[in-house]
Amino acid sequence: MDNQANKLRSLMSQDGSKKSQNTHFIAITSGKGGVGKSTISANLANVLSNNGYKVGLFDADIGLANLDVILNVRIQKNLLHVLRGECSLEDILIEVKPNLWLIPGESGDEILKYNDKNIYERFLNQASILDELDFLIIDTGAGIGGNILNFLEMADEVIIVTVPDPAAITDAYATIKTTSKTKENLLMLFNVVKNENEALRVFENIKKVADANIKNPLNLEFLGHLSASKDVSSSIKKRTLFTDENTNASDELKSLASKLLYRLERKMLDNVSNRSFSNFFRKIIERF
Ligand SMILES: Nc1ncnc2c1ncn2[C@@H]1O[C@H](COP(=O)(O)OP(=O)(O)OP(=O)(O)O)[C@@H](O)[C@H]1O
């Protein structure tokens with residue numbers, strides 16, 4: 001049967017030059033809800049896929065999934081059906097556009113029963129189809145409860161999104177503190193800010209507090225910012241992706257993606273055996 005998995009496999013084999021040797025897991029999380037995690041996840045995935053990477057977007061906001069709405073796609077089965085054993089991960093994959101696939105989550109409470117510590121790790125590890133991807137972007141729920149820490153633990157890179165209001169910053173700090181128990185490197189992304197200076201100012205304050213109070217080894221880095229923008233909010237209402245348009249917000253997100261790729265490239269350069277893969281990154285970066 002020509003299911004989503006077969007479609008994915010055949011698409012991959014059409015372009016051997018871009019086939020990855022590794023899938024990078026990037027978790028996008030936040031302390032407080034409503035700070036733009038899903039908007040950023042969807043648009044980061046879009047920018048990477050527009051640049052030739054094969055990207056999976058995993059809606060892991062367990063119980064409150066909404067990426068299908070943001071991406072304007074219809075889904076029939078989702079993660080809950082996989083966890084119930086009714087179908088495989090391949091059956092629920094949605095091809096959003098060339099190079100971009102959604103793993104839809106569930107927005108109901110039944111899925112909350114599936115909070116066994118290792119269930120998602122097992123499920124992602126067994127899904128060999130994900131090996132075909134360059135990136136798996138995991139949009140987690142807000143906060144530090146339930147499965148969220150498992151997703152963060154699993155990820156190669158964790159991006160903590162916050163807006164510059166005191167409540168969100170407090171919750172972002174709590175996420176940093178908890179996550180630092182298992183992750184040494186954390187990235188911060190500031191959303192709905194006036195400009196980069198505001199983002200940097202808030203970051204420096206958080207970093208100062210973290211350096212003084214968090215005892216675990218921690219390397220907290222500034223990834224970038226996304227300004228408050230009508231183009232972003234109106235794209236969500238129109239169910240389009242703002243990174244498909246020529247706007248400041250789009251340029252800011254492309255610059256974030258580019259920084260993330262540089263960071264991954266640096267990591268690759270540390271590993272001499274993977275030098276050819278890092279050259280692959282360099283070529284792609286030049287296209288941003
Ligand atoms: N840079 C921005 N400028 C203007 N509006 C924004 C910006 N980023 C996000 N928004 C708006 O904020 C709202 C919340 O965004 P989003 O759903 O992505 O947040 P979330 O963190 O994923 O929420 P939840 O915790 O509920 O999953 C959306 O209506 C979106 O349009």
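Numbering of residues begins at 1 and proceeds along the displayed sequence. Just follow the structure's listing: the first ligand is 1, and inside any ligand the first atom is 1.
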Among side-chain atoms of [X] and [Y], is any donor-acceptor pair under 3.5 angstrom?
| X | Y | answer |
| --- | --- | --- |
| S235 | E245 | no |
| K97 | N46 | yes |
| N78 | E106 | yes |
| N99 | S49 | no |

I need the contact type for [X] against ligand 1. Using non-hydrogen atoms and a strict under-4.0 Å cut-off, is it side chain, backbone, both or neither?
| X | result |
| --- | --- |
| I70 | neither |
| I236 | side chain |
| S227 | backbone |

Which residue holds the protein heavy atom closest to [atom], what is that atom called, and what is the gap in Å?
| atom | result |
| --- | --- |
| atom 18 (O) of ligand 1 | T39 OG1, 2.5 Å |
| atom 8 (N) of ligand 1 | N191 ND2, 2.9 Å |
| atom 27 (O) of ligand 1 | D61 OD2, 2.9 Å |
| atom 7 (C) of ligand 1 | V232 CG1, 3.4 Å |
| atom 20 (P) of ligand 1 | K37 N, 3.5 Å |
| atom 17 (O) of ligand 1 | N66 ND2, 4.2 Å |
| atom 19 (O) of ligand 1 | G36 N, 3.0 Å |
| atom 5 (N) of ligand 1 | S233 CB, 3.8 Å |

Among residues at least two apart in sequence or on other chains, which ones pass side-chain hydrogen bond (donor to acceptor under 3.5 Å, both in side chains) with E86?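 Checked E86 against side-chain hydrogen bond (donor to acceptor under 3.5 Å, both in side chains); matches are R84.
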
G34 near ligand 1, heavy-atom distance under 4.0 Å?
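Within the 4.0 Å threshold, so yes.
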
Please state which option from S229, S38, S235 has its nearest heavy atom closest to atom 4 (C) of ligand 1.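 Considering heavy atoms of S229, S38, S235, the nearest to atom 4 (C) of ligand 1 sits in S229.
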
Applying the side-chain contact (heavy atoms from CB on, under 4.5 Å) test to [X], which of [options] qualifies?
| X | options | value |
| --- | --- | --- |
| V161 | T29, L223, N191 | N191 |
| L44 | L260, L57, T39, D139 | L260 |
| I40 | V35, L256, L226 | L226 |

For the backbone of A167 and the side chain of K32, can you confirm whether one donor and one acceptor N or O come within less than 3.5 Å of each other?
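The answer is no, because no donor-acceptor pair under 3.5 Å joins these two groups.
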
Q.
Does the protein place a non-hydrogen atom closer than 4.0 angstrom to atom 11 (C) of ligand 1?
A.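 When distances to the protein are checked, atom 11 (C) of ligand 1 has no heavy atom within 4.0 Å.
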
message: Quick check on atom 2 (C) of ligand 1 - does any protein heavy atom sit closer than 4.0 Å to it?
response: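 Yes; the ligand atom in question has protein heavy-atom contact below 4.0 Å.
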
Which ligand 1 atoms are under 4.0 Å away from a heavy-atom of [X]?
| X | result |
| --- | --- |
| A228 | 3 (N) |
| L226 | 1 (N) |
| G33 | 25 (O) |

Carboxylate-amine/guanidinium contact E157 R263, below 4.0 Å
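Counted as a salt bridge, because a side-chain N and a carboxylate O are separated by less than 4.0 Å.
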
Option passing side chain to side chain donor-acceptor pair (under 3.5 Å) with S180 (candidates T175, N216, N219, N185) |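 Result for side chain to side chain donor-acceptor pair (under 3.5 Å) with S180: N216.
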
